[in-house]
Amino acid sequence: MENRSDFVSLRDVSKYFGSVRAVDGVSLDIAQGEFFALLGPSGCGKTTLLRILGGFEASNSGSVHIDGANLTDEPANLRPVNMVFQNYAIFPHLNVRQNIGYGLRQEGLSAAEMSQRIDEALATVKLEGYGDRGSTELSGGQRQRVALARALVKHPKVLLLDEPLSALDKNLRELMRVELRALQQKVGITFIFVTHDQEEALSMADRIAVMSDGKVRQVDTPEHLYEAPATREVAAFIGSMNFLDGSVEGAANGMVTVNAGPLGKLQVKPSGDGAPAAGEAVTIGIRPEKLTLLDKAPASGDNVIKGRLTAASYLGERNHFFVSVEGVDAPISVASQNSSPVDHKGWIEGSEVWLTWKPEGARLLLS
Ligand SMILES: Nc1ncnc2c1ncn2[C@@H]1O[C@H](COP(=O)(O)OP(=O)(O)OP(=O)(O)O)[C@@H](O)[C@H]1O
Ligand SMILES: [Mg+2]
């Protein structure tokens with residue numbers, strides 16, 4: 001059976017709190033079985049959008065469909081959806097089994113059926129044998145798993161997760177990323193996961209919606225968001241990127257020439273749908289790892305800029321440099337693997353350096 005690509009569908013959803021546009025005209029289609037992330041800075045409307053999906057918040061306009069049914073006006077308890085909240089609260093006076101079984105009480109199951117469902121949920125989150133533990137006798141990661149089991153035990157069609165890993169320390173968070181992804185693949189439930197941590201979104205999600213100011217700015221796979229961000233804003237949010245401003249001089253042979261003022265003429269491949277018109281203001285975006293640092297000017301070649309090394313740091317598996325370039329506001333960030341020829345030793349801060357990159361290593365961005 002083909003999984004439907006609009007299993008969860010939001011159409012032009014808006015939500016205002018007084019004059020604050022928490023969610024502003026959002027439309028999204030999420031596929032059945034997809035691990036989908038909503039990524040954006042604090043206050044951009046992620047939780048509000050998730051609460052609208054769960055039926056905990058009514059939108060001012062727009063519609064919500066799940067599995068073909070219009071649920072816009074359906075209350076939370078009648079939606080085939082469960083939510084793991086940002087500050088997941090498990091009940092301290094109940095043990096693990098009671099916590100997991102809590103939401104099943106209304107389902108009219110027999111004691112045996114209920115017990116079986118709880119066992120199954122415990123196994124899914126790898127907490128077999130922990131059923132009788134008091135919930136205060138658990139580690140942070142185990143408590144997180146109880147919260148997940150409590151949502152999964154209801155067999156939702158869609159699971160909404162609001163920053164479920166944010167309360168965990170860094171090591172556990174990284175471990176839980178892998179576990180959560182594996183669990184999602186095993187149960188096959190559509191996951192909609194909210195985070196402001198780009199690494200978390202990149203490492204777990206099939207697709208990511210990047211949000212800011214209540215709007216969805218780009219929806220794409222992690223690879224595409226990193227390699228082909230559509231705008232400067234998205235590029236700056238996903239990983240780090242250097243920006244060089246200029247205007248289009250012309251296009252020929254699949255290459256755009258950008259006049260970058262004091263940096264001269266730079267060559268860049270057009271992004272997607274054709275080249276921009278001559279005279280148009282554009283930004284060239286270059287990831288730190290796409291730049292090569294040189295201690296003398298190359299004999300020839302396009303895309304060479306001169307600068308001054310302001311900082312060189314050794315970071316174990318890689319080296320990191322900052323280069324100040326006349327006419328560019330922010331220092332240019334350069335990263336190189338320690339196994340590459342550009343090692344960290346011998347670079348003297350304050351010395352003249354040259355930066356170069358391949359035209360396909362840069363992105364032409366809309367401002
Ligand atoms: N109940 C409310 N009343 C008034 N304003 C609200 C309410 N809930 C959210 N807001 C506002 O709506 C905007 C979006 O909030 P939301 O909680 O959705 O952000 P978020 O992306 O989840 O942020 P965070 O990453 O900090 O959790 C914010 O400006 C917030 O202050
Ligand atoms: Mg939030």
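Any value given below was found using the heavy atoms of this structure, including those in side chains, with hydrogens, waters and symmetry copies removed. Both ligands and their constituent atoms are indexed starting at 1 by order of listing.
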* Between the candidates Ser42, Ala22, Gly214, which shows the shortest non-hydrogen contact distance to atom 12 (O) of ligand 1? ->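 The residue whose heavy atom sits nearest atom 12 (O) of ligand 1 is Ala22.
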* Relative to atom 28 (C) of ligand 1, which among Pro41, Ser166, Gly43 owns the nearest non-hydrogen atom? -> Gly43
* With a 3.5 Å cut-off and no angle check, do the side chains of Thr190 and Glu34 form a donor-acceptor pair? ->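 The criterion, which ignores hydrogens and geometry beyond distance, is not satisfied for Glu34 and Thr190.
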* Does the side chain of Thr356 come under 3.5 Å of the side chain of Asn303 through a donor N or O and an acceptor N or O? -> no
* With heavy atoms of Thr47 as the reference, note each atom of ligand 1 found under 4.0 Å away. =>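 Once the distances to Thr47 are compared, the set is 17 (O), 18 (O), 20 (P), 22 (O), 27 (O).
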* Enumerate the atoms of ligand 1 whose separation from the nearest heavy atom of Val20 is less than 4.0 angstrom. => 12 (O), 29 (O)
* To do: State plainly whether the residues Arg232 and Asp245 are in salt-bridge range, i.e. N to O under 4.0 Å.
  => yes
* **Glu360/Lys290 ion pair, N-O < 4.0 Å** => no
* Asked: Linking I/L/V/M/F/W/Y whenever any side-chain heavy atoms sit under 4.5 Å apart, do Ile305 and Leu294 land together?
  ->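 No; Leu294 is not reachable from Ile305 via cluster members.
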Compute the shortest N/O to N/O distance between [X] and ligand 1 and return yes if it is under 3.5 Å, no if not.
X     : answer
Lys46 : yes
Gly45 : yes
Phe17 : no

* Does NZ or CZ of Arg363 come closer than 6.0 Å to the centre of the six-membered ring of Phe243, within 45° of the ring's axis? ->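 Cation-pi check for Arg363 and Phe243: fails.
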* For Glu163, is the nearest heavy atom under 4.0 Å from an atom of ligand 1? ->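 Glu163: in contact with ligand 1 (<4.0 Å).
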* Asked: Is the closest heavy atom of Gly40 to ligand 1 under 4.0 Å?
  ->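 No heavy atom of Gly40 comes that close to ligand 1.
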* Asked: Would Thr47 count as a contact for the Mg ion (ligand 2), in the sense that one of its N, O or S atoms lies under 2.8 Å from it?
  -> yes
* Parallel, tilted or perpendicular, as decided by the 30° and 60° cut-offs, for the rings of His93 and Phe91 ->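 Geometry flag for His93 against Phe91: tilted rings.
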